[in-house]
Every structure is written in C-alpha cells, then in structure tokens.
Amino acid sequence: MLATTPFGAAPAQAAEATGELAGSAWLDIGGVNAAVTAVRGAAGGKVRNGTVDTASLTGTGIGVALIDSGIAPVPGLNRPGKVINGPDLSFESQTPGLQHTDTYGHGTHMAGIIAGSDPVAGFEGVAPGAHLISLKTAAYDGAVDVSQVIAAIDWVVAHRNDPGLNIRVLNLSFGTDSIQPSLIDPLSFAVETAWKKGIVVVASAGNDGAARMTMPSANPYVLAVGAADPNGTETRTDDTIATFSNRGTVARHPDLIAAGRSLVSLRVPGSYIDTQYPAARVGDRLFRGSGTSQAAAVVSGSVALLLQQRPGLTPDQVKQLLMKTADPLAKPDPIGSGAGQLDIAGAATLIAPLGATQTWPAATGLGSLESARGTSHVVDGATGIQLSGERDIFGKPWVPLTWVTAARNGRAWTGGTWNGSVWSGQAFTGTSWASSTWAIATWTGRSWAGRSWAGDSWAGRSWNGGTWTGRSWAYGTWAGRSWAGRSWA
C-alpha cells in the first residue's frame, strides 16, 4: 500500500513495491539534451518548394486535447486562447486554488512539445499555432483512476465540435497494463470511439522495453507511438529505438516511433518534478525528459500540422500517410520501430490515400473496468484501501452496456454528469469549464471524494532509489519514463 501527503509536503517513503511488471525497473541513463531549438525538427524536417510548404505550417486552427496532469500558464503557453481548460476531473478539482493547474509538471511538458512557443527561451514546439484543450485527470502525486480517463475521453468526443474547440487530435501519454483484450477493454473502446468520430488518437506505447503494449495503445485503430533515441545529434543516421520503449509483438506493436529521449520542453517552477529534479532544468524556463510520453507529443503536434495543411483528412488517412512516409532506422527493428521514424515533411508531400479505411474488428467495450486497471489502482492514503471492482471513483456501479450505448452516440455526458454522478460544472467562462463540488460518496464506509489519493496508476519505479510514494508515473500508465533517476541528471 502507498502513502500520500498533501500538496507541498515532503514525499512519503514507499512501502515495499508489489505487483510490478517484468521490466519495470527502467532508469533512463540521461544523455545529451536535445537542442532547445530542435523539438520541431524531431518531427522530420521542413520542406518548401513549388508545391509543398511545410516550413510555414504551425497547426493554426487545430485543437489538440491533452488528457494529463493539467497545463500551467507558463511562458510559451500563456498567450490568450492558447489553452482552453475542459473540466478538471482530478482529485485536486476539490481543492481551492488547484483547479486546472499542473502541480506535477508532466502535462505542461507534453503541451510544450505539442504547441509551445517561448521566444525568450528560444523554444518552439512542433505546432506552435495549435490550441490546446486540457483535461486534467492526474493530481500532483499522479493519482488517477481509469474511470477518470474514460470520462475525459468521453468529454472530448461530446465536445469536439463546440465553437472554438475543433478537437482533431487527442494526446494520451498514458497507459495501463490491462489484463483483457483490446476488443473488450472499455478504455480501448473509448479511444476507438473517438477515432471513429474523426479524432486522431495518439497513444504512447509504454516504457518497459517489453514485448507488450499498454492500453489504449494496444487498440489497433489508434496511432501507437514508440520512442526513438537521437543519441544526442540532430542527424537521423545514428538514431535507434530507445532502450525503454515497448517493442510490442508481431500482432500489435508501435505503428511508428518519434524522438523521445532527453527532449527539452517547458518547465513548471515549483511543480513536483521541478523541485525534486533540479538538475533537469535547462536555464530558467525549460526542463528535459525522456519517454514514449514525449514521443507521442511529437506525433500529436505533427498531426496538427498535417491537418492544418489538409483539414479534410480522416484519422485513417493521417495514420496511413505517417506510416507510409516514416523513415526506416539505420538498424531497423520491424517490430519495435513499426513503420519507422516520423517524417512529417514526407507525409505532407504524399497524396492522400483513398483506400485508407481500417477494417479491424470493432471493440465492444463490454469488458471489466477492474481488468482495465490492471495493477493500477488509486489508494486511500488514510486507510490503505484501494479502489477496485466494477465501480467508478464515486462508487457508482459500472454497467458496460449502458455506458457503451451512450459513449458510442457521444452522449455519455449529460451536462456535468457522467455515469450517474456530477463530475463537473456546466458553465464555460470562455477559458475554462467550471468545477463542481463533488457530492460525498462513500465506498466501504469511507469518503473517497476530495481526499488525498496515492496511486501506482501513473508509475513504475520512476523514482530511483524508492524515494517517492512507490510507483508514481510509471511503467503501466503515464508513459513518462522521463521522471526517473538519472534521466533528469
């Protein structure tokens, strides 16, 4: 069981780790930082000729939804209209002053890679003209339940066409070690529904270096992204698959890879990773990290560029364009590297394929919510009781058929209500959806709403030496291998 502490307090010591996945003891060895100006270059270069001009593409007009730990209004992301806050579905939504913030730092790092722009620091993300829709689900300690992530995906689907949003891309630097097939897993069904509603879902493959894929990247429709290691150079001739990147299997593996080691992005001063890993700071405004999280963010920004160029592309066409034009590695790995390394310039020059429709068997979503969690559970820090079984964070029963029917029709949300409980306010201020006070819900005699939670849902042994509360931000879930040991040194 895991301990937890209020925001701002020192981290508790971890109990003996249990239930770890094979290969979860990943420790990135650090390495040379990617050049501050090279993040967009990680997408595969720029082209300007008589017929194609990717050099001037910025992603303008394209909305990228980010389900993560929130986005902080730091320089590079604080321009009016750059970030629109969807509902805060995290446990911090019940703490005044913490709604819509990023107390951890992971979400802001991803947001910077996707669409940041800070001229003072000389930093530019892949698609600096795109706008971001932030769905905060993770608290400062990474605590989150899979039901919160599913609710966030359903909200994106329901509001994708709202005025000013135009959500065309969904970034999920997240995954669980679900113990059921993607055909029945509810998280898999949620992302497949988003895909079929016209949203390009980009999901990180995971950071175990293992022959498996985390959920939802295991779903064959979505864009599953592994991490490339640039080996400290801007040339691709020496690029390899990062040692931590999940390889998958012949049946399902990363569709492609993108730069994911030692990428520099925007820093959140005072966030947990900032205070615990000061050596990862690059100047006053930037921070470096590694993981398939970062690789997924590079791809999400690249998709925004492609959709600005050709707004009529379907998700299936986008996926085929990126895979057909991916650059093979010098030492190819046909499973772990998928089609090869992302080359957005190549994708922008290729004529859109007409026969790109994917025909995988449709997911049913009728599986178990508990199985979707795998080993990732939130734990009541006061009692040590973990949330498990077929119920959401409010203790509401999970009825798969009822949810599937509503989600498929984009009606899983009714105002601020999801799965029979009020999760969010209904009002929109122009920049944020209003929060709502959660009704006190009890589960096994304890109040879960608004408590401090600890969880292994977002982690593996990312905290070198066991100095954190166990397994925050980890192997089975947040693909943020970046926050481990020497990766920030």
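In this text the structure is predicted, and so the values were computed from the model without any measurement.
- Looking at heavy atoms from C-beta onward, L305 lies in side-chain contact with V126 at the 4.5 angstrom threshold.
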For K136 and D68, run salt bridge (Lys or Arg N to Asp or Glu O under 4.0 Å): C-alpha distance rounded to whole Å, both residues' side-chain angles, the deciding distance at 0.1 Å, then the answer. CA-CA 5 Å; K136 179 179 175 179; D68 214 291; over 6 Å; no

Step by step, work out the side chain to side chain contact (heavy atoms under 4.5 Å, CB included) result for D102 and I71. CA-CA 5 Å; D102 183 7; I71 301 175; 5.8 Å; no

Before you tell me yes or no, could you show the steps for I241 and R247 under side chain to side chain contact (heavy atoms under 4.5 Å, CB included), namely the whole-Å CA-CA distance, both residues' side-chain angles and the distance that decides it to 0.1 Å? CA-CA 9 Å; I241 301 175; R247 263 61 175 178; 3.6 Å; yes

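- Crowding of K324 atom NZ: a count of heavy atoms from other residues, nucleotides or ligands under 6.0 Å not exceeding 12.
- No donor-acceptor pair under 3.5 Å is formed between the side chain of N246 and the backbone N or O of M213.
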I393 vs L387, side chain to side chain contact (heavy atoms under 4.5 Å, CB included): CA-CA, chis, key distance, verdict: CA-CA 7 Å; I393 61 169; L387 175 61; 3.9 Å; yes

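- Here the straight-line distance linking atom CZ of R168 with atom OG of S300 works out to 13.5 Å at 0.5 Å rounding.
- Note: R373 CZ to D185 CG = 11.5 Å, rounded to the nearest 0.5 Å.
- Between the side chains of T103 and E92, at least one donor N or O lies within less than 3.5 Å of an accepting N or O.
- Checking side-chain atoms of K82 against main-chain N and O of A115 turns up a donor-acceptor pair under 3.5 Å.
- In this structure a side-chain-to-backbone donor-acceptor pair under 3.5 Å is present from E192 to A363.
- By the side-chain hydrogen bond (donor to acceptor under 3.5 Å, both in side chains) test, N166 is found to be paired with no residue, residues two or more places apart in sequence or in another chain being considered.
- Inter-residue side-chain proximity for S69 and M110 is flagged as unmet; no heavy-atom pair is nearer than 4.5 Å.
- Put simply, CZ on R261 and OG on S290 are 6.5 Å apart, with the number rounded to the nearest 0.5 Å.
- A donor-acceptor contact shorter than 3.5 Å links the side chain of T176 to the backbone of A372.
- In this model, no donor atom of one side chain and acceptor atom of the other lie less than 3.5 Å apart for D316 and T357.
- Within the 4.5 Å cutoff, the side chain of V74 has heavy atoms near those of the L77 side chain.
- When all heavy atoms are compared, the tightest approach of S376 to D177 is OG-OD1, 3.9 Å.
- Taking 4.5 Å as the limit, some side-chain heavy atom of Q341 sits within range of a side-chain heavy atom of R236.
- With hydrogens and angles left out, the side-chain atoms of T240 and D229 include no donor and acceptor closer than 3.5 Å.
- The nearest pair of heavy atoms linking K319 to Y221 is NZ-O, 3.1 Å.
- In this structure, OG on S388 lies 5.5 Å from NE2 on H377, to the nearest 0.5 angstrom.
- S337 contributes atom OG, which lies 11.5 Å from atom CG of D239 (distance to the nearest 0.5 angstrom).
- Side-chain contact, T58 with T60: a donor N or O sits under 3.5 Å from an acceptor N or O.
- Within the 4.5 Å cutoff, no side-chain heavy atoms of V225 are placed close to those of P254.
- Under the 4.5 Å side-chain criterion, counting only non-hydrogen atoms from C-beta, F287 is in contact with I273.
- Not a single donor-acceptor pair under 3.5 Å links the side chain of S93 to the backbone N or O of L89.
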Go through the steps to decide whether I153 and V156 satisfy the test side chain to side chain contact (heavy atoms under 4.5 Å, CB included), and finish with yes or no. CA-CA 5 Å; I153 297 169; V156 168; 5.6 Å; no

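- Remark: the backbone N or O of F174 is paired with a side-chain donor or acceptor of S204 at under 3.5 angstrom.
- Evaluated for a side-chain contact (heavy atoms from CB on, under 4.5 Å) with P75, the options D284, D118, V120 yield exactly one hit, D118.
- Note that CZ of R267 is 9.5 Å distant from CG of L286, once rounded to the nearest 0.5 Å.
- The minimum heavy-atom distance linking A339 with A326 is given by the pair O-CB, 3.6 Å.
- Residues that satisfy the side-chain hydrogen bond (donor to acceptor under 3.5 Å, both in side chains) test with T235, not counting sequence neighbours, are T237.
- Defined by atom type and a distance below 3.5 Å, a donor-acceptor pair is missing between the side-chain atoms of S182 and N219.
- Shortest non-hydrogen contact noted between G61 and H131 is O-CE1, 3.6 Å.
- A donor-acceptor pair is defined here as one N or O able to donate and one able to accept, closer than 3.5 Å; no such pair exists between the side chain of S371 and the backbone of S368.
- No donor-acceptor pair under 3.5 Å is formed between the side chain of Q308 and the backbone N or O of L57.
- Counting only heavy atoms from C-beta outward, the side chains of T292 and S173 never approach each other to under 4.5 Å.
- Of all heavy-atom pairs spanning S217 and A205, the tightest one is OG-CA, 3.7 Å.
- Taking the side chain as every heavy atom from C-beta outward, Q320 and M323 never approach each other to under 4.5 Å.
- Contact between L132 and A111 at its shortest, heavy atoms only, is CD1-CB, 3.7 Å.
- When only modelled atom types and interatomic distance are considered, D343 and T325 share no side-chain donor-acceptor pair under 3.5 Å.
- The closest side-chain donor-acceptor pair between S134 and H100, if any, does not fall under 3.5 angstrom.
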